[in-house]
Amino acid sequence: MALHVVVIGAGIVGAATAVELLRDGHAVTILEPDDPGGEQAASYGNGTLLNPSSVIPMSAPGLWKKVPGYLADPLGPLAIRFRYLPRMLPWLMRFIRAGSTVAKIEATAKALAPLLADAPGLHRALAEEAGVGALIERNGVLFVFPSRADFEAEATSWRIRKDSGTRWIELNEDELRQREPGLHRRYKFALLVGDNGQCLDPGALVAALVRLAVAQGATLRRGRAVGFRTEGGLLRAVYTNAGEILADRAVIAAGAWSKTLAAAVGDRVPLETERGYHALIENPESGPRTPMMPSDGKMAHAMTPQGLRIAGQVELAGLAAAPNWKRAEILRDFALAAWPGLPRNLPAERIKLWMGHRPSTPDGLPCIGPASGCADVLHAFGHGHVGLTAGPMTAKLIADLIGGRVPRIDPAPYSARRFK
Ligand SMILES: Cc1cc2nc3c(=O)[nH]c(=O)nc-3n(C[C@H](O)[C@H](O)[C@H](O)COP(=O)(O)OP(=O)(O)OC[C@H]3O[C@@H](n4cnc5c(N)ncnc54)[C@H](O)[C@@H]3O)c2cc1C
């Protein structure tokens with residue numbers, strides 16, 4: 001049965017969902033206050049990595065011991081703004097609990113794996129449909145370490161990755177040197193995860209997917225969803241800041257801004273923004289041939305059409321606080337140290353800084369599936385650190401659910417009811 005579906009938000013999740021719904025013959029309205037693919041969205045400025053291997057949540061055993069340090073060091077890789085702590089506490093407690101044992105991390109990895117599986121392949125197929133297939137590369141991602149011992153120190157998380165299907169080859173110092181001649185010599189060991197990939201320009205991909213959707217009949221409306229009109233448990237319309245849009249179904253894909261919309265249909269999801277940053281160095285003299293994650297930096301280093309992008313950092317400070325650009329400068333400085341071929345005195349006009357909002361639940365799993373208070377409204381948000389990777393599979397899952405088909409992967413772990 002063809003339905004009118006309003007997709008709320010045009011990040012990677014909303015854009016891919018619109019394309020999948022059109023494939024099923026539905027009428028689609030995409031509601032987005034800004035330019036699809038624009039800088040407001042996490043989908044614009046992320047690390048560009050399409051990593052099926054990213055099944056390990058951020059929370060780890062013993063994390064609670066580090067919280068005082070996170071509060072004390074505003075420039076550490078994970079920082080909590082002191083003023084935001086009272087509002088943040090419930091989320092933080094759940095976050096700490098979610099990673100408190102290895103068994104919990106294994107369960108999260110098992111739940112995430114199907115959502116991330118074959119992400120580079122799914123991205124490639126979608127991008128080709130949108131005429132931008134060249135944006136997706138499937139040449140693997142490198143994880144580089146100062147030594148083999150540093151890799152072994154992370155043995156548990158790599159064992160869990162392996163159990164959920166990740167395969168890799170090890171590179172010794174010589175092999176790493178040949179593959180990445182520009183990388184600082186302090187890195188002496190690497191893993192090449194061949195099934196990982198990269199989207200060279202995620203903002204351009206999102207924009208192309210929305211163009212494709214519009215070319216196939218979708219309506220793109222500028223506006224912000226503010227709630228829902230329901231009657232007898234059925235959806236009638238999506239309220240926006242400029243009137244209502246009649247709808248049979250709605251998909252909440254507004255990223256970090258989804259919390260109040262989910263609450264309006266009965267789900268009080270503890271959604272927070274894990275703010276992240278990137279530094280972009282234009283026309284870089286040096287950089288990775290293969291996108292990579294240095295183990296001592298926990299940030300992505302990737303070449304993009306705009307330059308060398310270094311993306312990472314986690315800052316818990318809410319949606320409204322001004323960016324702390326010093327955090328992006330840390331990323332820039334890390335790049336200068338990792339790539340000795342970059343000039344020490346980079347002119348400021350060659351560096352662009354960006355801040356974005358990861359839509360994060362405390363347990364590292366998204367919310368996908370019907371809302372508790374109205375099954376015609378479906379959640380598709382909360383993908384945290386892996387939303388670019390998980391976008392296409394999320395979209396297919398939503399299309400299965402709206403189409404009344406047997407879902408291709410089990411949606412149970414992503415139910416918003418787990419927070420009740
Ligand atoms: C620094 C950083 C690095 C990252 N690196 C990676 C990576 O390498 N790989 C990976 O897989 N993921 C990565 N991520 C995570 C990934 O970017 C996100 O999980 C993903 O982009 C979320 O996509 P989304 O569509 O849910 O949300 P968004 O991309 O944020 O899009 C949400 C859209 O909804 C719109 N919106 C907001 N409110 C409303 C409303 N009321 N009505 C209508 N529309 C609304 C917004 O304008 C926005 O366009 C990274 C994130 C950051 C910040």
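Just so you know, ligand 1 is whichever comes first in the structure, and atom 1 is the first atom listed for that ligand. Just so you know, these numbers come straight off a predicted model, no measurement behind them.
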One residue to check: H385. Relative to ligand 1, which of side chain, backbone, both or neither has a non-hydrogen atom less than 4.0 Å away?
backbone
Cation-pi check for F334 against R309: NZ or CZ below 6.0 Å from the six-membered ring centre and within 45 degrees of the axis, yes or no?
no
Take every heavy atom of Y277, measure it against each atom of ligand 1, and state whether any distance is under 4.0 Å.
yes
Any idea which part of P359 is under 4.0 Å from ligand 1, heavy-atom wise: side chain, backbone, both or neither?
side chain
Do you know which two heavy atoms are closest between F145 and D150, and how far apart they sit?
CD2-C, 3.8 Å
What are the two closest non-hydrogen atoms of L21 and A399, and how far apart are they?
CD2-CA, 4.1 Å
Is the ring centre of F381 less than 6.0 Å from the ring centre of W257?
no
Here the pair of heavy atoms bringing G369 nearest to L401 is CA-CD1, 3.9 Å
Residues two or more places apart in sequence or in another chain: which of them pass side-chain contact (heavy atoms from CB on, under 4.5 Å) with A98?
D363
With a 4.0 Å heavy-atom cut-off (strictly under), which part of Q40 contacts ligand 1: side chain, backbone, both or neither?
side chain
Shortest heavy-atom approach to atom 9 (N) of ligand 1 - which of N196, N46, T17, L49
L49
So, 4.0 Å and heavy atoms of E32: is ligand 1 close enough to count as a contact?
yes
Going by the 4.0 angstrom heavy-atom rule, the piece of T48 near ligand 1 is backbone
Atom 28 (P) of ligand 1: which of G384, A42, A390 has the nearest heavy atom?
A42
